[in-house]
Every structure is written in C-alpha cells, then in structure tokens.
Amino acid sequence: MQIKNLAVSVNSKKIVDDVSLTVEERSIFALVGGSGSGKSTTGLAVLRLLAPGLEIKSGEAIFGGRDLLKIGAEELRQVRGKEIAMVFQEPLYAFNPVLTVGQQIEEVFTAHTDFLGEKRLEETLRLLDIVGIKDPLRVHKSYPHQLSGGMRQRAMIAQAVALKPRLIIADEPTSSLDVTLQARVMELFLKLRDEFDLSVLLITHDLGVVQHMADHVAVMNNGKIVESGSSGEVLKNPKHQYTRELLSYVS
Amino acid sequence: MKNRAWSQFCENRWAVAGLIILGIIHAAALFADFLAPYSFSNEERTYSYAPPSKIHFRDEQGSLVPPFVYGAEIKFDEYRRRIYQDKADEKYPLSFFVQGDKYKILGLVPTTIHLFGVKEPGRIYLWGADSRGRDLFSRLLHGARISLSIGILGVAISFSIGLLVGGIAGYYGGKTDDIIMRICEMFMMFPGFYLLLALRAVVPPNFNSIQVYLAIVVILSFIGWASLARVIRGMCLSLREREFVLAAKTMGLSDLRIIIRHILPHTLSYSLIAVMLSIPGYILAESSLSLIGLGIQDPYASWGNLLAEAMGIVQIKFAPWILLPGFFIFITVMCFNVVGDALRDVLDPKTSQ
Amino acid sequence: MLRYILRRLLTILPILLVMSLLTFILMQKTSGSFYDTLKLNPQISPETIERYIKLYQLDKPLLVQYFSWLTNLFHFEFGYSFFYNIPVADVIGGRLWNTFVLSLASLILTWGVAIPLGIYAALHRNKITDRLIQFTSYIALASPTFFVAMLLLYFASQSGILPLGGMHSANYDGMNIIEKFFDVLRHVAIPATALSISSIGALQRIMRGNMLEVLGQQYILTARAKGLPENRVIYSHALRNAINPLVTILGYEFAGLLSGAALLEIICSWPGLGALMLTAVQSKDIYLVMASFLLSGFLLIIGNLLADVLLARLDPRIRYEK
Amino acid sequence: MLVELRGVKKHFAAVGAQNKVIKAVDGVDLVIKQGENLGLVGESGSGKTTLGRLILKLYDADAGSILFEGQDWAKLSSRELRPLRRKVQVVFQDPYNSLDPRFSIRAVLAETFLGQKLTKAAQEQRMKDMLKSVGLDEQALNRFPHEFSGGERQRIAIARSLLMNPKLLILDEAVSSLDVLIAAQIIELLKDLQAQYQVTYLFITHNLRVVKKLCQKIAVMNSGRIIEMAKTDDLFQQPLHPYTQELLSAALSYRSPKVETVYQFGEKSVLIDHGNGHFVVK
C-alpha cells in the first residue's frame with residue numbers, strides 16, 4: 001500500500017500534512033509519534049473512517065492498483081475488513097457490548113462471504129484457536145465484558161485476520177494492556193505476519209515496540225513525517241531532533 | 001468563573017427570554033392586587049361568561065378620545081344562552097389608579113388603589129369572565145400567586161429534605177446509605193398521583209383554605225424529596241472519591257472545609273438546575289389536583305381550578321377564554337424548562353468539559 | 001432472577017403497608033369510621049352489615065381492624081363499597097384492566113413515535129428536519145397532559161370524529177370482537193394521545209442523545225472497518241445500544257405513566273382505577289380508596305418487572321444475582 | 001527511616017459478590033529511607049495504589065502498622081493527625097481530576113498556606129517561585145485548571161504538593177496518562193526538584209522504564225505482596241523472581257517467557273535476603 005501526499009484538516013486547520021509512506025508486502029511498518037501527531041488520523045483516513053468534521057483535503061491511498069480515497073462506497077466496503085482490517089487500542093470499546101464476540105467475528109463472514117452458519121462457526125473457532133485462545137467455544141459465546149483485556153485483544157485480532165487481509169492497520173494495539181500482555185500480543189502479530197503473509201501498519205507512540213518489531217519506521221510530529229527509513233537505520237542513527245528525543249526516553 | 005457562566009447563559013437568547021418572562025409572571029403575581037382591577041372573589045352573576053371587553057379609543061365620529069368601554073346589553077338566544085351587545089349610550093371611561101376592592105400591598109399596607117378600572121356599574125373584563133361573572137384577568141393574576149408559590153415553596157421544602165438526607169447518605173455511606181436509598185426508591189417508584197390522592201384523602205374536610213394550601217405544599221414535598229435526595233447523594237458519593245478531594249484530605253484540611261469548599265460547590269450548580277427543572281412538576285401537580293376539585297377551593301383561584309371551568313366542552317365553544325389558565329401553565333412550564341436546560345448547558349461540568 | 005424479583009417486591013411492599021396503615025387510620029379519624037358509616041347507611045341490608053362487622057372486627061380497636069383488613073386481602077376480600085353499594089372486588093376488577101389498556105396504548109404510542117423520531121433526528125443531526133423535531137419536542141415537553149386532553153376533547157367535539165369520553169359506545173355489547181377492538185381504540189385515542197404528547201417529546205430527546213453518543217463509540221468504527229453495510233451498522237450495532245438505557249428508564253416511567261393515566265381517566269371519564277380512586281376519595285369510601293391504592297402499587301410492580309425482564313434480555317451486561 | 005510498614009493488610013469486600021474479599025494489600029513489609037527514592041512496580045490489581053493510599057492515610061489498614069518517622073498515625077486522633085498530613089503528599093494519575101475545576105491556580109496553591117502565618121505578599125512570592133521551579137509562567141496564577149494541558153496540570157499538582165514542604169511525595173502513576181515525551185520531561189523535573197526541596201519520592205507505576213531513571217530502589221508487587229525488592233541496577237541486571245523476569249523482559253524487549261501472571265502465596269512466604277539488599281519472596 002502506498003500513501004501519497006495525504007492531508008487531513010479539521011476546520012481548515014491541517015492535522016495531517018503531506019504524509020507519504022509505502023507499506024511493503026509482508027512487512028511491518030511502524031508509524032510513530034506522540035499524541036496529537038496525526039498518526040491515528042492517518043490510519044483512519046486510509047479507510048475513510050474519519051470522524052465527522054475531519055476532512056481529507058488531498059492525497060491518494062493506492063492499494064491493489066486503486067485509490068481508496070476515490071472509489072465508490074460499495075467498493076470501499078468490499079475493501080474494509082476483507083483486504084484491509086483494523087485493530088484498535090481498547091478492545092473493550094472496540095467490541096459492541098451487547099453482541100457476543102463470536103457473533104461479531106462471524107459478521108465479517110456474513111458481510112463478505114456466502115458461508116453458511118456452520119461454516120462460519122467453524123472458521124471463527126479456528127481463528128480463535130490460531131490467535132492462541134485456549135477454549136475458543138467459550139470465548140465465542142462470551143460477551144466482551146466477560147473476557148480479560150488480553151483475551152479481548154486476541155479476539156479483536158482474530159476478527160481482523162478472518163478473511164486473510166493483505167494489510168492490518170493496528171492503532172496502538174497494546175497501549176491499554178499491562179506490560180507482560182503487551183509483549184505477548186506483539187509476538188502474536190509477528191506470528192500472524194508469517195502465517196498469513198500480511199503486512200501491518202503499526203501505529204504507536206512507543207519506539208521500544210518499533211525496535212523489536214518493525215521493518216520500516218516513520219516518525220510523525222505535528223501532522224508531518226519528520227523522518228523515515230528502515231527501523232534499524234532510523235533507530236541507530238536518528239537524523240531528526242524529535243526522533244532523538246523520543247529515542248532517548250526509551251533506552 | 002461565575003461571570004463566564006453568566007455571559008454564556010446570556011448568549012442563549014431563548015433562555016434570556018424565558019428568564020424575562022418568568023420575571024414578569026412572578027412580579028405580576030406579587031403585585032396581583034394592584035395590577036388586577038378586581039379582587040379574586042368579586043363577582044357579578046349577570047355577567048356570566050361575559051366576553052373580553054373591547055377598549056375603544058375613538059368615539060362614534062371616529063375622533064380620538066380617552067379610552068373607554070361600553071356597557072353591556074344582555075339578551076338570550078333560543079337555548080337561553082347570554083348574548084352580549086354593546087350599549088351605545090353607556091360609556092365607561094378607562095381610568096388609572098382608581099378606587100376599587102380593598103387589599104394590602106404585599107400583605108402590609110392597606111389600600112384600595114388599583115392600576116386601572118372603570119366606574120361602577122360598568123365592568124371591565126380584559127380577558128373575559130367566568131361562569132359567575134368574575135374577571136378572568138384578575139383571577140389569573142391571583143391564581144398565579146398560589147400556583148407559583150406552591151411550586152417554589154414545594155421545591156424549597158423538598159429540596160431542604162433532599163439536600164439533608166442525600167448529604168447524610170452520601171457522606172456516611174454504608175448501611176445508612178443503603179436504608180435511605182431503599183426508602184427513596186420506594187417513593188420514586190410509586191405512582192405519585194395515587195399517593196397524592198391517598199394523602200389528600202386523609203386531609204380533614206373541615207380544613208380552611210389556608211390549611212388546605214399548606215397541606216398541598218406538604219403533600220407535594222413529601223412525594224418529591226426522594227429524587228433530589230438520590231441525586232445529591234450520588235454526587236456526594238462520587239465527589240468524596242475525586243482525586244482533588246483526596247488531595248485536599250492529604251493536605252490536612254478539615255472535613256468541614258473540604259465539604260464546604262470542595263464538595264458542596266459542586267452540588268450547587270446541579271441543585272440549581274434540578275430546582276429549575278423540578279418546579280414545573282410542582283406547578284403541574286397542584287394544577288392537576290385543583291383541576292379535579294381536590295386542590296385549591298373556590299372562591300380562591302389557582303391556575304388549576306380556573307381551568308376546571310374548561311372541563312365542560314360546551315363552555316369552551318362559547319367562552320374560549322376560559323382556556324387561558326392552561327396557556328399560562330404551559331408558558332410557565334416552558335420557561336422553567338428553557339432556563340433550566342440553559343443552566344445545565346452552562347453549569348454542568350459534564351457538558352462543558 | 002427470581003431473587004431479584006422478590007427484592008423488587010420487597011422494596012414496594014413497605015410503602016404500600018405504611019401508606020395503607022396511615023390512610024386507614026387517618027381517614028377513620030377524620031371522616032368517621034366504617035362502623036358508623038355502615039350502621040347509618042339504610043341501603044345496606046342488616047345481614048351484610050353483620051357479615052362485615054364480623055369479617056373486619058369493626059367493633060375492635062383500629063389497629064385490629066387494620067390487620068383483619070390486611071389478612072382478608074389474601075382471600076381476595078377487599079371490603080364493601082359504600083358508594084356503589086357492592087363489594088369492592090366487583091367494582092375494581094374491570095377498572096384494573098381499563099387502566100392497563102390505557103397505559104399500554106399510551107406506551108405503545110409513545111415508543112412507536114418517539115424512537116423512530118429520535119433515530120431519524122440523530123441521523124440527520126442539525127439538518128432542518130432535526131431542528132423542527134427538536135423544537136416541536138420542546139413544546140410537547142412543556143404541554144400539561146390535562147390541557148392537551150381538554151384541547152383534544154374540544155376539537156373532537158367540533159369535528160365529531162372521536163367519542164368524547166368513556167370507553168365503549170352504547171351498542172358495545174352487540175359488537176363482534178373486531179368491532180369491539182376498534183370501538184375501544186376510538187375511545188382510547190384521545191386520552192392516550194394526551195398522555196403521550198409530553199412523553200414523546202422527552203423520550204425523543206433522550207433517544208436522539210443516546211443515538212448520537214453511540215454513533216461516536218469505537219465499536220461503530222470497528223463495525224464500519226469490518227466492511228459491514230451501513231444499514232447493519234446502524235440497526236444492528238447502534239440501535240440496540242442506544243435503546244438499552246431507555247429500558248432502564250422505563251422502570252421509573254411506569255410510576256409517571258400510571259399517575260398520568262389516572263388524571264386523564266378523570267378528565268376523559270375513562271372508567272379506570274384513577275377515576276375510581278377519585279370517586280372514592282371524594283365520597284370518603286374508605287375500602288375503595290385502600291383497594292385502589294394497593295392495586296395501583298400492584299400494577300406498578302408488574303410494569304417494573306416487565307421492564308426488568310426486557311432489559312435483562314436485551315443487555316448481557318445486566319445480571320441479576322442468581 | 002522515613003516510613004516503615006510492618007505486615008500491612010487491607011481487604012475490600014468484592015462488589016456484587018457476597019462473602020468474597022479482595023486482598024488488595026496482603027501483608028506488606030517495606031522501608032523507605034530518607035532520600036532514597038523507591039519505585040513500587042506492579043500491574044493493575046497488584047495492590048500498589050492501595051498501598052500508596054494506606055501510607056497517605058486515606059485508608060485505614062486492617063492489620064499491621066505504618067510508622068512515619070517512627071510514629072504510628074493510626075494511634076492519633078484526627079485533630080492530631082491533620083497538621084502531620086502535610087509531610088506526605090501525593091500527585092495522582094489523572095491530571096483532569098486532581099485539581100478542583102472551580103479553583104483558580106492561585107486558589108489551588110493558596111490552600112497550602114492554611115494554618116501558616118504568612119503575609120499575602122509572602123504567599124504570592126512563594127507561589128510565583130514555585131511555579132517557576134516547576135517550569136510554569138506566573139501568569140498561570142489567574143487561570144483555571146481547564147485552560148492547561150495534562151502535563152501542565154501535573155506540574156501544578158507537583159507545585160501544590162511541594163508547597164506543603166513534604167518529606168515524602170507519592171507519585172501514583174503520575175505520568176501514566178501523559179504522552180511519552182511529556183512524561184519524560186516531568187521525570188526530569190522531579191529529578192531536578194528533589195535536591196532543592198529535600199523530598200523523597202515513592203513512585204507507584206506499572207512501567208519499569210519510568211522508575212529506572214528516578215529511583216534508587218525498586219519493589220515489585222503482585223497479588224497484594226511484595227515479591228522482590230532490590231537496588232535498581234541489581235534488579236535490572238539480575239531479576240530473581242520469575243515474575244520480575246517476565247516484567248523486565250516485557251518492558252525492555254517485548255519478549256515474554258511463558259509464566260503465570262498471578263501468583264498464589266501461602267501464609268508463610270516471606271522475603272529472603274539474597275545479599276546487598278536484594279530480597280525475593282520464597
């Protein structure tokens with residue numbers, strides 16, 4: 001996927017300004033920045049999920065030969081969930097509280113495939129198993145609030161990889177978890193990348209994560225990318241002052 | 001902070017209009033005796049359902065004269081209903097600061113001066129008359145006194161109870177809180193109107209008007225305190241755990257200071273909103289009670305028992321002005337709602353954050 | 001769940017007991033005892049009088065009388081109505097049903113109108129239609145039910161489309177079941193509408209607010225990111241979450257609904273419990289007052305239970321201690 | 001010895017379920033020495049926040065004793081306690097909740113002078129000086145909390161605490177809701193202020209990386225117990241308890257050895273000295 005010169009504004013004030021980046025096949029691309037840097041907005045803009053009031057001013061998001069910012073609503077819907085999936089920060093809020101986890105994962109199949117009920121159940125249980133949930137049947141029947149934070153995030157990831165998307169946009173997927181769980185969820189991402197041949201656009205404020213996971217990294221500040229490159233290169237040899245600052249607090 | 005809230009409030013034009021209207025209505029109620037040409041019980045039965053008097057500024061020749069009203073000639077149609085016609089030869093000039101029924105200004109200074117009126121035997125019915133030929137305008141103003149004061153008194157009493165009980169429950173928590181809240185729930189869950197009727201049933205029939213009035217206030221407060229208590233209690237309970245209160249505690253401030261400086265001010269703005277939004281409930285409850293004949297008794301007027309005249313459908317057709325008390329209730333309730341909502345927008349920290 | 005229901009019952013029972021005791025004693029003190037009223041009434045046969053004196057121990061102290069009245073309740077013995085000159089149970093049975101019909105009609109009307117309006121307004125936020133709905137709701141909210149009822153009655157009398165009171169037409173008994181249904185429907189229209197107007201205003205505003213709040217939640221974003229069709233996002237994800245809090249309110253609304261219904265029964269001469277209670281209070285018909293009062297509490301409990309059961313079915317987060 | 005805890009316990013009744021208690025703090029022995037910052041590290045539900053509030057005397061301990069400068073506050077009347085309270089101050093996690101929204105910053109800070117005989121001018125001067133030390137403009141005095149960012153509010157909260165001249169300042173997840181950069185600036189600030197104000201920090205956090213910079217000693221909490229305590233360098237180089245190891249590897253390298261996260265402790269499990277002030281639970 002390639003983002004070219006993306007600009008997003010609210011009340012004619014630009015909060016994402018001229019952002020370009022390329023996520024290679026089967027790679028993990030980290031978009032790093034402090035809060036308010038525009039990194040989450042960039043992720044949401046790709047799937048045109050911005051809150052009302054935020055407006056995409058210009059730019060392209062090329063994916064599979066199409067510009068996601070220009071295609072029609074139905075075509076966009078076909079991309080969402082099927083080819084590009086999202087994982088959010090707080091799985092408690094990202095799941096609908098009144099539907100079971102299983103129902104919500106199965107919805108992905110309902111929306112994009114013609115699987116019948118039994119096949120959907122089978123697939124869902126298989127997914128839950130893949131993300132490391134020990135008793136998939138119980139989790140399938142549970143409501144989000146009945147699961148622990150780590151379990152919920154795993155289920156969320158299972159939902160994201162349901163249709164083997166080519167790209168997952170993960171917006172701070174571990175920030176709400178305890179440190180030990182963070183590590184486990186990150187490992188899961190690495191495992192899934194290898195298993196499903198997918199790429200990940202990882203949005204995070206934590207350069208520590210980047211160090212151990214990402215192939216490429218772009219650092220954002222005030223809506224602009226201030227530095228980007230292979231993660232080894234950027235972290236070893238930061239050029240921009242802001243990157244150096246961020247980095248100095250990690251080690 | 002206060003000024004900011006006030007100027008924000010003033011930006012809401014509806015709310016300012018509501019506040020002004022409420023001010024006018026309350027002032028009118030306060031000076032009802034003076035503003036009204038007649039006392040609430042002044043009746044002239046021959047003028048049953050007399051229509052609003054037309055005030056004329058020109059005489060027959062069309063030249064400008066001081067305002068006057070015509071005397072009325074009463075005829076009967078085939079159903080023996082009264083038909084009012086102007087008597088061309090009887091003119092009663094409208095005059096200001098005239099002598100009329102006796103009253104005391106604000107209950108203190110006895111006087112007979114009224115803002116306006118006409119000489120006897122002429123009568124002026126600004127907004128028509130009721131079945132007994134009493135001036136609706138005068139009765140509306142006097143009725144406003146009762147209806148509005150019941151609202152304010154009722155809220156004041158139930159609010160005092162609510163603040164006290166809610167504060168105790170919220171401050172002590174635990175068992176005390178549990179018991180008090182169960183009691184509150186009981187009151188809130190019960191259909192108030194049935195409770196109202198049951199309580200009204202035990203008011204002795206030999207009570208005089210003032211006693212009935214007080215009884216109604218007490219009954220309404222008795223039913224209404226629970227919901228306020230619940231809210232106050234909830235706020236105290238959550239404020240107690242807020243970090244700035246904890247911080248104040250670690251600073252060694254006394255409980256009293258914490259309660260007065262850090263907890264109560266936060267409930268006050270809510271209380272003000274709650275008061276504004278609950279007064280209509282009391283006004284409506286009094287009106288309902290008086291409407292069905294269990295509230296304020298004739299000859300005393302309240303908006304509710306004035307409206308009772310409009311229960312007969314036939315009368316509405318021939319004397320539509322008897323619906324006016326209903327509009328007054330509507331406008332007042334509306335104004336309290338508008339002002340209360342605007343206050344909430346300005347003061348409620350939840351929405352202003 | 002069963003325990004929860006019992007707990008609910010236990011919260012309402014004390015107030016019924018305290019209030020009935022208070023009413024019982026004070027009414028006797030202020031307006032003469034049953035005993036005297038019974039003896040002085042020439043229309044009641046001596047046998048009946050004898051029966052009730054024995055049944056309610058009317059020659060004993062007040063407190064004893066109260067408890068014998070209370071125990072008799074459990075045998076569905078509600079006492080004797082001096083005003084109607086028949087046992088209270090005979091008067092009251094049908095009244096309970098009538099009040100239920102009126103409340104239910106109003107409830108259906110309120111929710112049927114307010115919920116779609118609220119959803120529509122939320123989805124068209126700040127458009128001209130939304131503003132219009134909000135403005136109308138504000139006016140509706142401030143309209144006193146009794147006043148609305150009077151206006152409606154007046155217009156009905158002018159147009160002659162709808163009956164001006166009561167619950168049945170004169171020839172009701174000769175109708176078949178469908179005609180009967182429509183006859184009651186025509187009669188209930190005015191009181192139910194009057195009862196609903198201000199509730200519709202209030203409920204619509206709440207529904208709109210909830211819907212707007214829910215639409216801003218993250219799971220809506222998730223649903224969209226999954227590629228669900230917009231209809232499904234709104235009706236299967238947003239709607240349920242927006243309605244659930246309303247069901248919670250419903251429990252408390254029942255009290256208001258019954259109160260409002262009582263007032264309108266009186267104004268529209270609908271033969272319900274509220275109208276009955278008024279007659280009873282006016283004529284100091286003590287047994288009737290007590291029975292009406294208790295039954296209103298009974299209706300309330302049923303309404304609340306229905307709301308709770310509904311909520312438990314709708315929202316998995318609600319668990320009444322098992 | 002600034003603070004000494006001996007066998008401190010605090011249990012709460014679980015919400016909703018009867019006869020079930022949450023053992024938030026379940027037998028903690030701990031010593032905080034003057035000038036030796038202690039990091040109290042644990043994940044959510046480990047009891048670290050409760051422990052902090054016990055030291056603050058916001059809760060009363062169910063068992064054990066807490067001595068502050070050798071004195072047991074539980075034995076004092078509330079009247080005797082009040083003037084002592086200023087010696088232990090706190091900065092909370094949520095900067096939006098820790099300042100009374102109705103108070104101007106001047107009013108917030110002026111409250112610290114209650115009971116002290118200071119002229120208005122002296123007060124004003126001290127407030128201005130303090131704001132300067134925490135890196136804020138003196139214009140801030142006339143503004144209200146909602147006009148400040150999260151980081152600035154935490155600075156104000158720190159200013160308020162330090163104006164009380166405390167011996168111990170408890171930082172309860174004080175930087176956890178802040179952006180990494182801002183958090184790091186606050187840590188730097190705390191380091192700078194320590195020398196000037198002669199205060200000792202108790203830093204409660206879930207983030208090992210945060211305490212590394214500020215604390216000389218670290219205590220790791222899990223399930224209401226302290227399971228390991230050591231000098232910061234020792235702990236980072238040689239974590240002994242498997243839970244500490246997991247915590248460290250997760251915090252530093254995002255790799256997790258597979259171990260249980262919640263540990264069960266018998267009544268008799270005690271901290272064993274491994275030399276050089278390194279204690280591990282047995």
Side-chain angles (χ1 to χ4, degrees), chain B residues 14 181-183 185-207 223 227 280-281 283-285 287-289 291-294 303-304 307-308 310-317 320 322-323 325-327 329-338 341, chain C residues 8 10-16 18-20 22-23 25-27 29-31 138-139 141-148 150-151 153-154 156-158 164 251-252 254-263 266-267 273-274 277-278 280-282 284 286 289-290 292-293 296-297 299-301 304:
Chain B
W14 290 98
M181 281 309 108
R182 286 294 93 73
I183 296 174
E185 265 172 37
M186 286 179 349
F187 276 94
M188 284 180 66
M189 276 179 52
F190 209 81
F193 197 71
Y194 282 88
L195 205 56
L196 203 63
L197 287 182
L199 286 168
R200 187 62 179 85
V202 304
V203 173
N206 55 348
F207 266 26
I223 297 174
S227 56
I283 295 178
L284 287 174
S287 302
S288 317
L289 210 54
L291 183 70
I292 59 175
L294 291 178
W303 289 347
L307 197 57
M311 293 263 270
I313 293 156
V314 194
Q315 282 87 313
I316 299 181
K317 183 162 188 185
I322 55 177
L323 284 172
F327 283 106
I329 297 172
F330 168 70
I331 297 282
T332 309
V333 170
M334 180 93 169
C335 289
F336 273 114
N337 283 348
V338 170
D341 275 354
Chain C
R8 259 286 161 86
L10 285 179
T11 51
I12 197 87
L13 274 182
I15 196 173
L16 283 176
V18 172
M19 282 304 304
S20 62
L22 210 77
T23 317
I25 292 172
L26 284 175
M27 265 185 89
K29 287 273 181 227
T30 56
S31 52
Y138 221 92
I139 290 180
L141 199 60
S143 308
T145 54
F146 50 82
F147 190 50
V148 174
M150 287 174 168
L151 291 178
L153 283 174
Y154 176 67
S157 79
Q158 294 302 293
L164 296 180
Y252 284 108
F254 270 107
L257 185 65
L258 282 178
S259 290
L263 183 63
I266 296 163
I267 294 171
L273 205 55
M277 177 110 172
L278 177 68
V281 168
Q282 280 168 337
K284 302 277 176 193
I286 305 179
V289 171
M290 307 282 290
S292 314
F293 183 71
S296 72
L299 266 184
L300 184 75
I301 290 172
N304 272 310

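A note on names: the letters A, B, ... follow the listed sequences, proteins ahead of strands, and every chain is numbered from 1. Below, each value reflects all heavy atoms present in this structure, side chains not excepted, and no hydrogens, waters or symmetry copies.
- When B:L323, B:L289, B:V338 are compared by the number of non-hydrogen pairs under 4.5 Å with chain C, B:V338 comes out ahead.
- Pairing each heavy atom of C:F146 with each of B:L291, the nearest pair is CB-CD2, 3.5 Å.
- Separating the CG atom in C:L263 from the OG atom in B:S287 is a distance of 10.0 Å, to the nearest 0.5 Å.
- Considering every non-hydrogen atom in both B:L197 and C:G274, the closest pair reads CD1-O, 4.3 Å.
- Heavy-atom minimum distance, C:I266 versus B:F193: CD1-CE2, 4.0 Å.
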**OP:** In sequence, state the C-alpha distance, the side-chain angles, and the governing distance for C:Q282 and B:L294, and then conclude on side chain to side chain contact (heavy atoms under 4.5 Å, CB included).
**Re:** CA-CA 8 Å; C:Q282 280 168 337; B:L294 291 178; 4.2 Å; yes
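- To the nearest 0.5 angstrom, B:D341 atom CG is 8.0 Å from C:L141 atom CG.
- Residue C:L273 touches chain B through both its backbone and its side chain, counting heavy-atom pairs closer than 4.5 Å.
- For a residue to count as touching a neighbouring chain, one of its non-hydrogen atoms must lie under 4.5 Å from one of that chain's; by this rule B:I292 touches chain C with backbone and side chain alike.
- Here CD1 of B:I329 is found 11.5 Å from OG of C:S143. Values are rounded to the nearest 0.5 Å.
- Counting heavy-atom pairs closer than 4.5 Å to chain B, the top-ranked of the candidates C:V281, C:L153, C:L151 is C:V281.
- Expressed to the nearest 0.5 Å, how far CD1 of B:I223 lies from OG of C:S259 amounts to 8.0 Å.
- Heavy-atom distances place both the backbone and the side chain of B:F327 under 4.5 Å from chain C.
- Interface residue B:W14: only side-chain heavy atoms are found under 4.5 Å from chain C.
- Remark: side-chain polar atoms of C:Y154 are not paired, donor with acceptor, to backbone N or O of B:A310 under 3.5 angstrom.
- The two residues C:I139 and B:F330 have their closest heavy-atom pair at O-CE1, 3.4 Å.
- Neither the backbone nor the side chain of B:I183 comes within contact range of chain C, judged by heavy atoms closer than 4.5 Å.
- For the residue pair C:F147 and B:L307, the shortest heavy atom distance occurs at CD1-CD2, 4.0 Å.
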